[in-house]
Amino acid sequence: SHTAAARPAPPAAADGLAGDKNPQRSPGDVAAAQSPGAQDMVAVHMLRLYEKYSRRGARPGGGNTVRSFRARLEVVNQKAVYFFNLTSMQDSEMILTATFHFYSEPQWPPAREVPCKQRAKNASCRLLPPGPPARQHLLFRSLSQNTATQGLLRGAMALPPPPRGLWQAKDISLIVKAARRDGELLLSAQLDSGEKDMGVPRLGPHAPYILIYANDLAISEPNSVAVTLQRYDPFQAGDPEPGAAPNSSADPRVRRATQATGPLQNNELPGLDERPAQAPHAQHYHKHELWPNPLRALKPRPGRKDRRKKGQDVFMASSQVLDFDEKTMQKARKK
Amino acid sequence: QWDEPRVCSRRYLKVDFADIGWNEWIISPKSFDAYYCSGACEFPMPKMVRPSNHATIQSIVRAVGIVPGIPEPCCVPDKMSSLGVLFLDENRNVVLKVYPNMSVETCACR
């Protein structure tokens with residue numbers, strides 16, 4: 001067994017991963033951001049397993065999957081009963097071990113009063129010391145989804161009274177495997193001390209939970225990551241938040257692609273056309289097909305004589321430096 | 001980009017789950033170094049691209065040009081490593097899965 005953080009988490013945070021009220025932050029982000037003190041025990045436990053098994057090559061419990069199941073609390077015949085819905089397990093997941101984690105404190109029976117006798121002067125009233133703490137029993141039942149019965153008793157364990165309040169873990173692998181084999185994926189657990197529960201129990205940071213270590217046989221299949229992680233957003237309501245602006249996208253993702261500003265400029269020098277001049281309908285070559293190696297060999301510039309032969313307009317089109325006639329040059333010099 | 005080697009090799013790629021919209025249910029990690037493979041598998045292939053025998057033969061056949069249209073071998077991941085992911089399932093329960101082949105360690109011509 002392991003001892004939990006002694007201080008109870010504030011009730012509001014006890015919802016664990018139920019998700020922040022802030023629509024902008026996803027439950028995944030909320031869960032990652034909460035400090036261990038604010039999360040419920042199952043989240044703290046799973047984060048600890050993640051840190052342990054996300055190191056290279058480590059295998060959780062000899063498998064590749066750990067599923068946690070939170071309890072749903074109901075009061076049946078004035079007793080607190082915790083229900084666990086195991087339906088999210090995949091058929092390809094072979095159960096290796098299953099453990100039930102619960103927090104228990106010693107249950108002292110109420111002390112009995114003894115009438116005082118005033119025989120001797122200094123007799124003092126005293127109370128009988130309370131009896132030994134009550135023994136508790138863990139009862140597990142399984143039932144299929146839509147039956148109203150209490151379900152089939154799958155196991156009962158006597159619990160030695162704990163010396164103080166602490167978390168304990170019990171192996172319930174056989175119970176879970178038998179229930180799954182019979183297709184009864186709703187499990188109930190009852191901590192029974194024989195006494196009626198005082199007041200209405202509530203789910204707090206000390207709520208019990210189940211961990212199932214499994215080996216997912218489909219995880220090495222191609223695209224297995226998409227099977228479990230590529231899905232709609234399970235927390236996004238069908239319609240946007242009532243307060244949200246009509247066109248606000250609830251999608252918190254930051255767009256990274258920058259819009260092209262204006263017409264795309266290419267990097268070619270103006271007038272240095274790559275297409276071979278003799279074939280007017282030459283197919284459009286992509287530049288890297290014409291430049292076999294990344295650095296393009298520079299073309300030798302034509303000598304001054306044969307440049308003049310080409311005639312003024314062609315020269316003007318293909319030259320790289322602008323030239324002006326004599327008159328314009330004189331004006332420019334004067335200025 | 002230009003100073004990256006032309007030959008088949010591992011290139012850096014960091015994947016942020018927020019970019020692909022999975023951060024809604026993934027608790028950890030928020031991002032991870034996935035890398036990718038890119039580059040030429042031209043004949044003759046250097047030893048560093050660890051060509052399979054088949055890739056060696058294919059690149060020779062292509063270089064000799066006996067059979068037209070034979071492509072160059074492909075630059076693909078060779079050794080890969082797994083990644084542990086902590087996420088919420090549809091019932092808001094926390095799940096840990098260790099997915100294989102999520103990050104590239106070495107590339108090779110195949």
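Just so you know, these numbers come straight off a predicted model, no measurement behind them. Lettering of chains follows the sequences in order, A, B, ..., and the numbering in each one begins at 1.
Within the 4.5 Å cutoff, the side chain of B:Asn91 has heavy atoms near those of the A:Thr87 side chain. B:Ile26 has its side chain within reach of A:Leu229: a pair of non-hydrogen atoms, C-beta onward, lies under 4.5 Å apart. Side-chain atoms of A:Ser68 and B:Val95, non-hydrogen and from C-beta on, never get closer than 4.5 Å to each other. Between B:Tyr99 and A:Thr228 there is a side-chain heavy-atom pair separated by less than 4.5 Å. With a 4.5 Å cut-off on side-chain heavy atoms, A:Phe84 and B:Asn93 do not count as touching.
When all heavy atoms of A:Arg70 and B:Arg92 are compared, the closest pair comes out as NH1-O, 3.1 Å. When all heavy atoms of B:Asp89 and A:Arg67 are compared, the pair lying nearest together is OD2-NH1, 3.5 Å.
Listed by first and then second residue, the salt bridge (Lys or Arg N to Asp or Glu O under 4.0 Å) pairs involving residues 51-61 of chain B amount to none (not counting sequence neighbours).
Expressed to the nearest 0.5 Å, how far CG of B:Leu86 lies from OG of A:Ser54 amounts to 9.0 Å. Here A:Glu93 contributes atom CD and B:Lys97 contributes atom NZ; the two are 3.5 Å apart, rounded to the nearest 0.5 Å.
Looking at A:Val225, both its backbone and its side chain come within 4.5 Å of chain B, counting heavy atoms on both sides.
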